[in-house]
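Read through the structure below, which is laid out as structure tokens, and then see the notes.
Just so it is clear, the model here is predicted, and its values are computed rather than measured. Chain naming here is simple, since letters A, B, ... match the order of the sequence lines and numbering starts at 1 in each.
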2 protein chains.
Amino acid sequence: MMIEGYVKATGTGSTDGVEQALSMMRSASQLVRLLDAYFANHNLSQLKFLVLVVIDREPETDSLRQSEINQRLDVSKPVLHRTVSSMLSAGLLVRTQDNEDSRAHQLALTDAGKTALRAMLPDYFKIITEFMEGER
Amino acid sequence: MMIEGYVKATGTGSTDGVEQALSMMRSASQLVRLLDAYFANHNLSQLKFLVLVVIDREPETDSLRQSEINQRLDVSKPVLHRTVSSMLSAGLLVRTQDNEDSRAHQLALTDAGKTALRAMLPDYFKIITEFMEGER
DNA sequence: CTTATTTGGTTATCATGGTAACTAAAGTCA
DNA sequence: TGACTTTAGTTACCATGATAACCAAATAAG
């Protein structure tokens, strides 16, 4: 960017901090783009991947309510709703009635969901690791 | 996130690199969120702000073609088109016919555009600097 | 127990990013 | 010069994020 020149002109904030921040945002968005492309290749998205992860990694149980997923992932209710719906249609999740609350449902991974997650993980980490090596 | 636990399980990639990357993406997205909120308060967006910056900082001239803005900012043509249209309606930019190419137009800041930019810069840097101090 | 509040989930609408496909003007080249 | 390619800008459509407003069930308060 050419934003840096402003910092001195306005006299607000430290040049270093701003440069670091801009460089960090640039790196992060590059990496996010790489990962998004990878997810798209697998007919997924960041958020769908995280939904799989968050259910899979739950220690005591193998299913969660939508609201519980919402608490774990920083995303709005409508977006999660839409994403979960799409994942149900795609056969990655199954939904069963919640025993304790008739408004709620439990969401669990299907075999396809588990398989998809397992298939993505190695290259997910590989992409990140290689990117970070390139950054150094 | 709880992704870290997978790294060892899959044996792909370095735990450190992945943790750094996830932490970087978290920080970047927090900062982006702060900045987006700031822009929204001023009826702008990241991209609109950058369009103002990129025209303002042009050394030889005070106007640019849409395609030139496109080369400087990493954004698709349709998105830039939409954004520029909106900024024209909002009175932040003016468009004049290009002398050399009858398909093209020159885009320049209006006084309102210049004022808006000047008004935003100090706090823009302040937000970034303060965020970076908090990160250390 | 009835009313009021909170919670789980959904719908509608908007903002901002992308790609594909198109028009028209400009530039290339045989 | 006429045909081909590139470039500037636009349109149509999709994906993914958000907020506001809503229903119905559960919970709290009187």
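Checked by atom type and distance alone, the side chain of B:Gln46 never pairs as donor or acceptor with a backbone atom of B:Leu35 at under 3.5 Å. Between the side chain of B:Ser102 and the main chain of B:Asp98, no donor-acceptor pair closer than 3.5 Å is present. In terms of modelled atom types and a separation under 3.5 Å, the side chain of B:Thr110 and the main chain of B:Val94 share no donor-acceptor contact.
Here the P atom of nucleotide C:dA26 and the CD atom of B:Gln97 are 10 Å apart, to the nearest Å. Between the NZ atom of B:Lys77 and the C1' atom of C:dG17 there is a distance of 16 Å, given to the nearest Å. The CD-P distance, from B:Gln46 to C:dA15, rounds to 17 Å in whole Å. To the nearest angstrom, P of C:dT7 lies 16 Å from CG of A:Asp98. Following rounding to the nearest Å, B:Gln71 (CD) and D:dG9 (C1') show an atom-to-atom distance of 14 Å. Taking atom CG of residue B:Asn99 and atom C1' of nucleotide C:dA26, one finds them 16 Å apart after rounding to whole Å. Taking atom CG of B:Asn70 as the reference point, atom P of D:dG9 lies 9 Å away to the nearest angstrom. A straight line from CG of A:Asn43 to P of D:dC14 spans 17 Å, rounded to a whole angstrom.
If A:Arg33 and A:Glu68 are placed on DNA chain C by their nearest nucleotide, the residue sitting closer to the 5' end is A:Glu68. Across the interface with DNA chain D, nearest-nucleotide mapping of A:Leu44 and A:Glu100 shows A:Leu44 to be the residue nearer the 5′ end. Comparing A:Val75 and A:Asp101 by the nucleotide of DNA chain D whose heavy atom lies nearest to each, the residue mapping closer to the 5' end is A:Val75. Take the nearest nucleotide of DNA chain C for A:His105 and for A:Arg82: the residue whose nucleotide is more 5' is A:His105.
Closest of all the heavy-atom pairs between A:Ala116 and A:Leu92 is CB-CD2, 4.1 Å. A:Met87 and A:Lys48 get closest at one heavy-atom pair: CE-O, 3.4 Å.
When the side-chain nitrogen and oxygen atoms of B:His81 are compared with OP1 and OP2 of D:dG9, none of them lie within a distance under 4.0 Å. Checking the phosphate oxygens (OP1, OP2) of D:dA15, no side-chain nitrogen or oxygen of A:Ser45 falls inside 4.0 Å. OP1 and OP2 of C:dT7 both lie 4.0 Å or more from every side-chain N or O belonging to A:Gln66. Close to C:dG18, at under 4.0 Å from its OP1 or OP2, lies a side-chain N or O of B:Ser76.
Looking at the side chain of A:Ser67, the nearest of the listed nucleotides D:dA8, D:dA18, C:dG9 is C:dG9. Comparing atom distances between the B:Val79 side chain and each of C:dA26, D:dA8, C:dG17 picks out C:dG17 as nearest. The side chain of A:Arg103 approaches D:dA25 more closely than any other nucleotide in the set D:dT19, D:dA25, D:dG9. Comparing D:dT10, C:dA12, C:dG9 against the side chain of A:Pro78 picks out C:dA12 as the nearest.
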